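Remember, predicted model here, so these are calculated numbers, not experimental data. Residue numbering restarts at 1 for every chain, and letters A, B, ... go by the order of the sequence lines.
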Amino acid sequence: MIENVLGTAPADLVREDRVAGRLYTDPELFELEMSRIFERSWIWVAHSSELPRAGSFKSTFVGRQPVIVTKDRKGVVRTLLNRCRHRGASLCEKPSGQVNGFTCPYHAWSYGLDGSLRGIPYPDGYEGVMEKRDLSLARLRTESYGGMIFATLDEDAEPLEDFLGDARLWIDRFMKQGGGYPIKVLGRHRFSFRGNWKIQLENTTDGYHFPIVHRSWMASVDAETADMMSFMTDPTCTTHDLGHGHSVMQMVPEHSDLDADDGSEPLQGRFDDLVAELSKTLDQAQVRKVVRAMHGTGFNLNLFPNVSMSAAFFRVLRPISVNETRIEHVAIGPDGPPELDAVNRERLRIHEHFQGPFGFGTPDDAEGWDRVQRGAAAAPAMPILVNRGLAREKPGPEGWPTSHVTDETGMRAAYAQWKAMMSDD
Amino acid sequence: MTETVTPTAALPVPIPTTDPRVARAIELIWREAELLDRKAYEAWDALYTDDGFYVIPIDPEAERFDDILNMVYDDARMRRMRVARMTEGYAIAAVDAARTVRTVSRFVPESVSDDQVVVRSAQVLVAYKRENHDLWAADLVHRIRLSPDGPAGDRIVQKIVRLVDSESAVPAAGFLL
Ligand code: FES
Ligand SMILES: [Fe+2]
């Protein structure tokens, strides 16, 4: 007998093996999540390759708050609230670019890349009223690890590295798909779905849905790629709870550490032409490295609450309202010599094949999530089950609670963090 | 012989849409639109040449699509796989796809010759699914190869769908534009 999850306090709504359906549908919970999670946690805002030089900027959001991420004159990455200190106009409506500073369109107050207020037109009216130095743009704490840049609205948040904890090891591994080169952002798909953000948060650690929802994609790829993603009954494919709501799901464990390569694994036949082309200029070991990493790493690293480093891309979620979420699927590839353009072209085609609003994978995921949101409108106390594999979840050698890749260990990890943050007032 | 009209030229003499070669292209564009609304994907695919491309870019300025991320960048092989996906019944997004109605109009012939026509147009599509109407507005460019054997042999060599909101979040779709 699976009991309902009664109560309204956040702490009552999440149990080890189930959460209340109202977690997806209750607007008051959503408001609390914005203040207790999205305004307190470290939120992913950018990858370092998106801010290549002084003056580079990107506009994005921390929770619902618009921000600009900049690289200032000294090379310091800043996250600034995208809101003029005068009467509140947004300063920047471009998604990214290169600037010397930001000038408000309304009364032309101008700000430097570090957010300091530089100029006010007709300043005599402010004499004896205020000092410019007190009116910098609001700056968010900004820290990065392995090229992943995060910001938080909480001045007292623990250091980013502590928050990431054991996830750092997996970030290091993820970046190895550059094949010895750093990785860079190649492009991004953006799409929206009519559902709660946690449905998407769960999905990047949901191995269970893969062969069902993605049957159409599986049917369209070559046999080697389909075989690579056939993890359903493979006991070596596992999910670990890494703490702080983070988890990692290893679909292709032989690609979890791309440096561990005994040379026995043949490169996929679909890349034969690419291998031939690359071999004209690169040595065999280098070619093997980048081609073996063509589908990215063998795991999805789910970082609570808004980013997943998912095989060969980043999945970034942005909650809009209790029943609307926007997602970015950010394509990445090695940032190396021009010969590698051919590698990145191929990576872009692989990304397009699965991801984005017209991919062979994403629309089917989105349909599944829409259906969860619609179904969850029934019986708000009826539980959403996150109990799969609970009886076979055991601490692994590293101490991480570990279960099969199709189990719901990663969701339990995320909901434990949700519960801790939501109960803390 | 190809007559080209540059949009920036001062008062260019426009190519009339009544030019019989342009009219053939427009007929084909309308036929394509109707097949897509009816989700007759096999018949739709047959309107393309073997070297034809169907593209929905993200970058509004892009003219070349190899080195950038697109929403759709289909050659014949990808297009056939896409048709299989849309019709074989495994893809839950396609099985439960929105119903669509689209109009294509505001045709501007860009170039015309006896074997090829390039036409720009506007497409407004409404997709209805589960009590929601989504609006998809786009500029289209069709490059159409005219057949010496008459209109039945005319084929699409390239179609580019430039959504007005290509750089922001659009719904994940179970239909084609
Ligand atoms: S609101 Fe920005 S200068 Fe007035
Ligand atoms: Fe999926």
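- Between the side chain of A:Glu352 and the backbone N or O of B:Val72 there is no donor-acceptor pair closer than 3.5 Å.
- To the nearest 0.5 angstrom, B:Asp67 atom CG is 6.0 Å from A:Asp341 atom CG.
- Between B:Ala169 and A:Ser192, the shortest heavy-atom contact is CB-N, 4.0 Å.
- Taking a 6.0 Å sphere around OH of A:Tyr181, one finds it holds more than 12 heavy atoms contributed by other residues, nucleotides or ligands.
- Under a 4.0 Å N-O distance rule, the pair A:Asp364/B:Arg85 qualifies as a salt bridge.
- Contact count versus chain A (heavy atoms, under 4.5 Å) is highest, among B:Asp74, B:Ile58, B:Asn132, for B:Asn132.
- Heavy-atom distances place the side chain of A:Arg326, and not its backbone, under 4.5 Å from chain B.
- In this structure, the separation between CG on B:Asp66 and CG on A:Asn344 is 12.5 Å, given to the nearest 0.5 Å.
- Two residues are said to be in side-chain contact when any heavy atoms from C-beta on lie closer than 4.5 Å; A:Gln355 and B:Leu69 fail this criterion.
- A salt bridge links B:Asp134 to A:Arg194: one of the charged nitrogens lies within less than 4.0 Å of a carboxylate oxygen.
- Every side-chain contact (heavy atoms from CB on, under 4.5 Å) that A:Ala342 has, sequence neighbours left out, goes to A:Leu274, A:Glu277, A:Arg345.
- Nearest heavy atom pair, residue B:Glu88 against residue A:Ala219, reads OE2-CB, 4.2 Å.
- Looking at B:Arg82 and A:Phe358, their side chains come closer than 4.5 Å, going by heavy atoms from C-beta outward.
- For A:Phe360, the parts lying near chain B are the backbone and the side chain together; criterion is any non-hydrogen pair under 4.5 Å.
- No part of B:Ala84 comes within reach of chain A, as not one of its non-hydrogen atoms sits under 4.5 angstrom from that chain.
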(request) May I have the step-by-step check of side-chain contact (heavy atoms from CB on, under 4.5 Å) for B:Ile92 and A:Arg215, ending in yes or no? (result) CA-CA 9 Å; B:Ile92 57 175; A:Arg215 187 169 167 193; over 6 Å; no

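- Listed here is the closest heavy atom pair of A:Arg349 and B:Asn70: NH2-ND2, 3.6 Å.
- B:Ala172 approaches A:Ala366 most closely through the heavy-atom pair CB-CB, 3.7 Å.
- Using a 4.0 Å cut-off between charged side-chain N and carboxylate O, B:Lys129 and A:Glu367 make a salt bridge.
- Of the two parts of A:Arg188, only the backbone, made up of N, CA, C and O, holds a non-hydrogen atom closer than 4.5 Å to a non-hydrogen atom of chain B.
- Contact annotation for A:His353: both backbone and side-chain heavy atoms come within less than 4.5 Å of a heavy atom of chain B.
- Within the 4.5 angstrom heavy-atom criterion, atoms from both the backbone and the side chain of B:Met78 approach chain A.
- B:Pro171 approaches A:Pro357 most closely through the heavy-atom pair O-CB, 3.6 Å.
- In this structure, B:Arg99 places its CZ atom where only 12 or fewer heavy-atom neighbours from other residues, nucleotides or ligands lie under 6.0 Å away.
- Most heavy-atom pairs under 4.5 Å with chain A, from the set B:Met81, B:Arg130, B:Met71: that is B:Arg130.
- Residues B:Asp165 and A:Arg190 have side chains not in contact (no heavy-atom distance under 4.5 Å, counting atoms from C-beta outward).
- Residues of residues 221-230 of chain A lying under 4.5 angstrom from chain B, judged on non-hydrogen atoms, do not exist.
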